[in-house]
Number of protein chains: 2
Amino acid sequence: MNDERMENQNLQPLAEIDRVIHEPARLLILAYLSVVESADFLFLMNQTNLTRGNLSSHLSKLETAGYVEIKKEFVDKIPRTLLRLSEKGRIAFHEYRRNMKQVLDSLSE
Amino acid sequence: MNDERMENQNLQPLAEIDRVIHEPARLLILAYLSVVESADFLFLMNQTNLTRGNLSSHLSKLETAGYVEIKKEFVDKIPRTLLRLSEKGRIAFHEYRRNMKQVLDSLSE
DNA sequence: TAAACTGGTATATATCGCAAACCGATATGC
DNA sequence: GCATATCGGTTTGCGATATATACCAGTTTA
């Protein structure tokens with residue numbers, strides 16, 4: 001075993017990785033929300049290729065975590081759901097990226 | 001919405017990320033196995049802080065995927081389980097890292 | 001002989017991701 | 001008018017997953 005290389009690894013962040021964000025579908029959603037001020041449900045559905053039900057439940061989970069804010073409004077009698085990343089979400093997303101990068105970088109020889 | 005920044009994102013690898021590897025506990029296991037020629041069960045258990053049952057089931061999953069090879073032997077009447085990363089596992093792990101890095105890099109402002 | 005430890009495996013449980021069924025409202029066909 | 005289809009989602013159901021606990025065979029210690 002190569003102790004030297006092992007000690008160079010910084011794997012600790014992995015133990016406390018944010019699983020709400022780690023899920024690929026939600027990572028995708030957050031990636032889109034992170035570059036716009038807000039997006040609606042259908043836009044996200046098209047971009048992510050998630051089904052309606054799947055997208056809806058992931059958004060609920062993100063809302064429960066306090067990472068996205070969901071605002072519903074009517075546009076000519078038709079309901080529209082607007083999503084935006086909360087400040088808490090932006091911070092958590094940034095932290096997640098930092099942690100994962102650190103782990104991945106420490107693994108590269 | 002900022003189309004320019006959105007188009008610069010390379011999120012496609014996310015859609016086909018390897019979930020066997022994506023799970024943090026297994027990512028941790030693979031990280032350790034990637035720097036040693038082989039390790040035994042207790043060593044991994046101590047390094048990862050996983051419980052015996054948990055570690056055992058993750059190793060089985062990795063074995064089923066063909067990513068690790070499990071060899072059992074006796075050392076003075078005491079059983080010992082040796083784990084090593086297979087070639088297939090090494091390739092898949094490398095590919096996972098490449099994909100995740102690409103995604104994370106495309107998200108950095 | 002019994003109690004405690006080793007090195008695991010099997011089982012129970014809780015959660016999760018996903019798809020399909022459902023739902024209220026609106027537009028369309030006849 | 002009254003079905004029927006469509007829109008924009010939410011709720012429900014199910015199989016798979018992750019984790020902890022119970023369990024087990026064998027070994028060492030008291």
Side-chain angles (χ1 to χ4, degrees), chain A residues 11 14-33 38-84 92 96, chain B residues 11 14-33 38-84 92 96:
Chain A
L11 301 173
L14 256 187
E16 51 202 57
I17 205 77
D18 188 337
R19 282 174 187 266
V20 172
I21 297 180
H22 193 58
E23 164 62 29
R26 288 190 292 263
L27 200 42
L28 201 52
I29 292 170
L30 292 177
Y32 283 112
L33 290 183
S38 85
D40 66 19
F41 189 92
L42 291 183
F43 172 78
L44 280 181
M45 199 183 124
N46 292 331
Q47 296 293 318
T48 60
N49 284 320
L50 296 171
T51 62
R52 284 192 297 267
N54 202 357
L55 177 57
S56 176
S57 73
H58 283 305
L59 287 174
S60 293
K61 194 149 296 189
L62 288 168
E63 186 187 26
T64 299
Y67 293 168
V68 308
E69 288 159 12
I70 304 184
K71 191 173 65 176
K72 292 169 189 302
E73 64 178 26
F74 275 87
V75 178
D76 290 338
K77 300 179 182 174
I78 293 181
R80 186 164 68 143
T81 300
L82 284 171
L83 295 319
R84 55 180 295 276
Y96 172 85
Chain B
L11 301 173
L14 256 188
E16 52 202 58
I17 206 76
D18 188 337
R19 282 176 188 263
V20 172
I21 297 181
H22 194 58
E23 164 62 30
R26 287 191 292 264
L27 199 44
L28 202 52
I29 292 170
L30 292 177
Y32 284 112
L33 289 183
S38 85
D40 64 19
F41 190 92
L42 289 184
F43 172 78
L44 280 181
M45 198 182 123
N46 291 332
Q47 297 294 319
T48 61
N49 283 321
L50 297 171
T51 61
R52 283 192 297 266
N54 202 0
L55 176 56
S56 177
S57 74
H58 282 306
L59 287 174
S60 294
K61 193 148 298 189
L62 288 168
E63 186 187 27
T64 298
Y67 294 169
V68 308
E69 288 158 13
I70 305 183
K71 192 172 65 174
K72 291 169 189 302
E73 64 179 26
F74 275 89
V75 178
D76 289 338
K77 299 179 181 175
I78 293 180
R80 186 165 68 143
T81 299
L82 284 172
L83 295 320
R84 56 180 294 276
Y96 172 85

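In what follows, every chain begins at residue 1, and chains take the letters A, B, ... in the order their sequences are listed.
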Output yes when at least one side-chain N/O atom of [X] is less than 4.0 Å from OP1 or OP2 of [N], else no.
X: K61(A); N: dT10(D); result: no
X: R80(B); N: dT27(D); result: no
X: S56(A); N: dG9(D); result: no

Under 4.0 Å between any heavy atoms, over every strand shown, what does L50(B) touch: base, sugar-phosphate, or nothing? Just pick one.
->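 Contact class for L50(B): none.
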Provide, to the nearest angstrom, the distance between the [atom1] atom belonging to [X] and the [atom2] atom belonging to [N].
X: H22(B); N: dA16(D); atom1: NE2; atom2: C1'; answer: 16 Å
X: H58(B); N: dT17(D); atom1: NE2; atom2: C1'; answer: 9 Å
X: L59(B); N: dA10(C); atom1: CG; atom2: C1'; answer: 16 Å
X: I78(A); N: dT6(D); atom1: CD1; atom2: P; answer: 15 Å
X: M45(A); N: dA19(C); atom1: CE; atom2: P; answer: 12 Å
X: L55(A); N: dA19(C); atom1: CG; atom2: P; answer: 12 Å
X: R19(A); N: dA18(D); atom1: CZ; atom2: P; answer: 8 Å
X: R52(A); N: dC7(D); atom1: CZ; atom2: P; answer: 8 Å

Given [options], which nucleotide is nearest the side-chain atoms of [X]?
X: T81(A); options: dA18(D), dG17(C), dG8(D); value: dG8(D)
X: S57(B); options: dT17(D), dT27(D), dT19(D); value: dT19(D)
X: P79(B); options: dT19(D), dG7(C), dT10(D); value: dG7(C)
X: E23(B); options: dT10(D), dC18(C), dT19(D); value: dT19(D)
X: T51(A); options: dG17(C), dG7(C), dA19(C); value: dA19(C)
X: K72(B); options: dG17(C), dT19(D), dT9(C); value: dT9(C)
X: K77(B); options: dT27(D), dC18(C), dA18(D); value: dT27(D)
X: N54(B); options: dC16(C), dT19(D), dT17(D); value: dT19(D)

How do G53(A) and R26(A) order along DNA chain C: which one's closest nucleotide is nearer the 5' end?
->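 Its nearest nucleotide being more 5', the pick is R26(A).
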Without swapping roles, check the side chain of [X] against the backbone of [Y] for a donor-acceptor pair under 3.5 Å.
X: H22(B); Y: Y96(B); value: no
X: R26(A); Y: V20(A); value: yes
X: S56(B); Y: R52(B); value: no

Taking all non-hydrogen atoms of both residues into account, name the closest pair between [X] and [Y] and its distance.
X: F41(B); Y: L55(B); answer: O-CD2, 3.6 Å
X: D40(B); Y: L82(B); answer: CB-CD2, 4.0 Å
X: L50(B); Y: M45(B); answer: O-CG, 3.3 Å

